Protein chains: 2
Amino acid sequence: MHEEQHPMTSAAARRATITDVAREAGTGKTSISRYLNGETSVLSPELRERIEAAIAKLDYRPNQMARGLKRGRNRLVGMLLADLTNPYSVEVLQGVEAACHALGYMPLICHAANEIDMERRYLQLLTTYRVEGVIVNALGVKEELLQTFSLGGIPVVLVDRSVEGFVTDMVGLDNPEAVALATRHLVEEGFDDVVFIVQPFRRVSSRRVREAAFRDTIGALGTKGSTIVIDLAEAAPALAAIDAHLDAADANPQRVALFAANAPVALRVALHLKERYGANWQQRVALMSIDDSEWAELAGMTTVRQPTYDIGRRAVEFLHERLEGARMPARECLLPGELVVRSSTRRKQSPGT
Amino acid sequence: MHEEQHPMTSAAARRATITDVAREAGTGKTSISRYLNGETSVLSPELRERIEAAIAKLDYRPNQMARGLKRGRNRLVGMLLADLTNPYSVEVLQGVEAACHALGYMPLICHAANEIDMERRYLQLLTTYRVEGVIVNALGVKEELLQTFSLGGIPVVLVDRSVEGFVTDMVGLDNPEAVALATRHLVEEGFDDVVFIVQPFRRVSSRRVREAAFRDTIGALGTKGSTIVIDLAEAAPALAAIDAHLDAADANPQRVALFAANAPVALRVALHLKERYGANWQQRVALMSIDDSEWAELAGMTTVRQPTYDIGRRAVEFLHERLEGARMPARECLLPGELVVRSSTRRKQSPGT
DNA sequence: TTGTATGCGTTATCAC
DNA sequence: GTGATAACGCATACAA
């Protein structure tokens, strides 16, 4: 039977501290600290070896908390996400993580699960943990909340959406261009009536911007177009409106395409169409979407893929530059989307058949 | 000499500390600390008000780092996730977050993105940040790595999969029962040949367990069954094997069902089937899966839904109990899955048609 | 009821 | 080159 080293309480064998290492190496804490911080030049090779041995023997890991307390930077970066259920967020997160790793930051990920209260709560927590900066992709945070960060000298970078009355670095999709790209594609494929479907704008600027871009494009092209607002929590009215629109087009007859403003909307609409038209719904009605979700290929749905990974990466880079002291005015980085054409938007036979 | 009231750089208005608050309220730090920790009874109402005013005026937020340093607990809980791309992980995470919130912990989320090196690195980082406990859902961590936590008195709870040679609390799906449930359903629906499709086991115990359960069930039922191992990074051979199997059944003819061990496998297989049989693939071949992904409904695929949210919640509860000093032997919590029947596994016409 | 002093694990300042 | 020693922001034993 192993009595496991004879820990005094037998419970929690306290982790070694810098003092323990110093004692073990027969030296002072300063030298240990120096070793840890790579001030390797000023250490005699002999002492250095003793330190290394001691560290290894005690399995010593410097305490980031204490470190952060002392030097005022703990390498923590807050990442507030409105909805991890949306693959967009996960993909952005991947970029964020990669960049953080590369630059030596540790992302403190906060998932608000679409609850505005959670967003506020997490934002508070983040200041409490003294993150050095925050990347925010939120649903309903207001300007004031973010101001407390900026005013406190903590840089904020916005992702996907801006916050009214608050100017900071922001990175996201080039929505106008992406929407135009998609709409033009539909028109080129011969659709002469496009229905844009989007969630209630609320505080989410990207929704508003996309819808505006849709109107602009449709207007410029002289194509018929309209917008339906869908509340995912209460989708029935919007779905009925869609049905009505499709039925009217059937009678007309007109070639109509549905254009979902993001993946969650697209899924909801696709489910409805499948229910109404059966497994072959894609051949009856064209559905296109911003966000290239994993099931898009399965449904044969044309999409605009967002450069999610790059968005995440850029966000961290922006933050990093600020943390390094960059003092320039707020920047905006709009990355282009990529049209992924699939069968759903290929020319359909006219609905009369 | 106090120079520091004149923010020299004007840039980062240093956050208020407990000392600032004490000065502002005209009292000592102790009273502030008492106020913060709810020892509200021992404070004169008058002082209490001054403190409240001071805190509000300075927008003071206690520094969790310093706090944690002093009392030895920082309320941080590590959550290592193998793959956030898998909706399973996100759902578990939701449960974890909710429970953490309820119990006053802050989850430090680490996403290894299926890279074993990342898992190791993050585990190191977690000890560095002195998390009080860890919840682990990993791809390839070995026993030794986790031992350093346990030995250091940091409780570990495993999710979905166990780690060979390492005994701790673990919570996940009741795999044997779930697989039996699904398999029995298939047999009852008249399928007389079931193909189980699973990723290479590697260190992932749940894969092994599911496959074993499949063999057991199929054996007990006296039904024909086989297993195909698919490497998602190199799926061609497995997909060819599936094709061959389906072709053979066509000739026989036999009613064969495909049973994917999890969502990523199901998606890969579904994509392949769609490519091969067109949009109506569901009517040609039956596909069932563990994990009820968001597109399952869209594809009309029968699944076993995991109690993901509860899994996450239980994991945190287990951890919490350990953190409160519970000393019982390692526990195992296996939660039941729920069969979600959809059209894909309804009796199909025999393949000859 | 309130305040003083000490220490948590680290880094920074300054001696030697 | 090396090592005391004083903070960092907070909690607590102890004194008042």
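Quick note on labels: first sequence line is chain A, next is B, and so on, each numbered from 1. Everything numeric here is computed off the predicted structure, so don't read it as measured data.
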How long is the line joining CZ of A:Arg130 and C1' of D:dG9, in whole Å?
-> 9 Å
When rounded to whole Å, the OH to P distance for the pair A:Tyr35 and C:dA12 reads 18 Å
Identify whether any heavy atom of B:Ser33 sits under 4.0 Å from a base atom; if not, whether one sits that close to sugar-phosphate; answer base, sugar-phosphate or nothing.
-> base
Mind pulling the stems DNA chain D is in, i.e. runs of at least three Watson-Crick or G-U pairs, everything under 3.5 Å?
-> C:1-16 with D:1-16
I'd like a table of atom pairs between the protein and nucleotides 14-16 of chain C - only N or O on both sides, under 3.5 Å - with the distance next to each one.
none

Quick check: are there more than 12 heavy atoms from other residues, nucleotides or ligands sitting under 6.0 Å from CD of A:Glu144?
-> yes
Hey, does the side-chain of A:Lys29 have a donor or acceptor N/O within less than 3.5 Å of a partner on the base of D:dA4?
-> no
Interatomic distance where CZ belongs to B:Arg67 and P belongs to D:dC10 [whole Å] | 8 Å
By nearest nucleotide on DNA chain D, pick out whichever of B:Thr30 and B:Met65 is the more 5' one.
-> B:Met65
Got a sec, which residues hit side chain to side chain contact (heavy atoms under 4.5 Å, CB included) with A:Thr27, two or more places apart in sequence or on another chain?
-> A:Ala25, A:Ser31, A:Ile32, A:Leu47, A:Arg50
For B:Arg23 and C:dG3, what is the distance between atoms CZ and C1' respectively, to the nearest whole Å?
-> 16 Å
Which of the following nucleotides, D:dT5, C:dT2, C:dG9, is nearest to the side chain of A:Ile18?
-> C:dG9
Listed once per pair and sorted, the ring pair (Phe, Tyr, Trp, His ring centres under 6.0 Å) pairs that draw on residues 308-333 of chain A, sequence neighbours left out | A:Tyr105-A:His320
Contacts of B:Arg314 that satisfy side-chain hydrogen bond (donor to acceptor under 3.5 Å, both in side chains) - sequence neighbours left out = B:Glu317
Under the salt bridge (Lys or Arg N to Asp or Glu O under 4.0 Å) test, which residues partner B:Glu49, sequence neighbours left out?
-> none
Partner residues of A:Lys142 under the side-chain hydrogen bond (donor to acceptor under 3.5 Å, both in side chains) criterion, sequence neighbours left out | none
B:Ser44, nearest nucleotide to its side chain (from D:dC10, C:dT2, C:dT10) = C:dT2
side-chain hydrogen bond (donor to acceptor under 3.5 Å, both in side chains) involving A:Glu132 - partner list, sequence neighbours excluded | A:Arg73
Counting only N and O atoms by type, is there a donor-acceptor contact under 3.5 Å from the side chain of B:Asn74 to the main-chain atoms of B:Arg130?
-> yes
How many Å lie between CD on B:Glu39 and P on C:dT2, as a whole number?
-> 13 Å
Would you please name every residue forming a salt bridge (Lys or Arg N to Asp or Glu O under 4.0 Å) with B:Glu39, sequence neighbours left out?
-> B:Arg34
Residues two or more places apart in sequence or in another chain: which of them pass side chain to side chain contact (heavy atoms under 4.5 Å, CB included) with A:Ala138?
-> A:Leu80, A:Glu119, A:Val136, A:Val141
Atom CG of A:Leu36 to atom C1' of C:dA12: distance rounded to whole Å?
-> 15 Å
Considering just the side-chain nitrogens and oxygens of A:Ser31, establish if one lies under 4.0 Å of OP1 or OP2 belonging to D:dG1.
-> no
Output yes when a side-chain donor or acceptor of A:Ser89 lies under 3.5 Å from a complementary backbone atom of A:Asp83, and no otherwise.
-> yes
Among residues 54-64 of chain A, which residues get a heavy atom nearer than 4.0 Å to DNA chain C?
-> A:Tyr60, A:Arg61, A:Pro62, A:Asn63
What is the distance, rounded to the nearest whole Å, between atom CZ of A:Arg71 and atom P of C:dT13?
-> 13 Å
Which nucleotide sits closest to the side chain of A:Leu43: D:dT2, D:dG3, D:dC8?
-> D:dT2
B:Thr27 has its side chain closest, among C:dT10, C:dT2, C:dG7, to C:dT2
Give B:Leu47 one of three labels, base, sugar-phosphate or nothing, depending on what nucleic acid heavy atoms sit under 4.0 Å from its own.
-> sugar-phosphate
Could you note down all residue pairs passing ring pair (Phe, Tyr, Trp, His ring centres under 6.0 Å) where residues 109-132 of chain B supplies at least one of them, sequence neighbours left out?
-> none
Side chain of B:Leu69 only, please: which of D:dC8, C:dC8, C:dT10 is the nearest?
-> C:dC8
Please state how far atom CD1 in B:Ile32 lies from atom P in C:dT2, giving the value in whole angstrom units.
-> 11 Å
Between B:Glu321 and B:Arg331, does at least one N-O distance fall below 4.0 Å, as a salt bridge requires?
-> yes
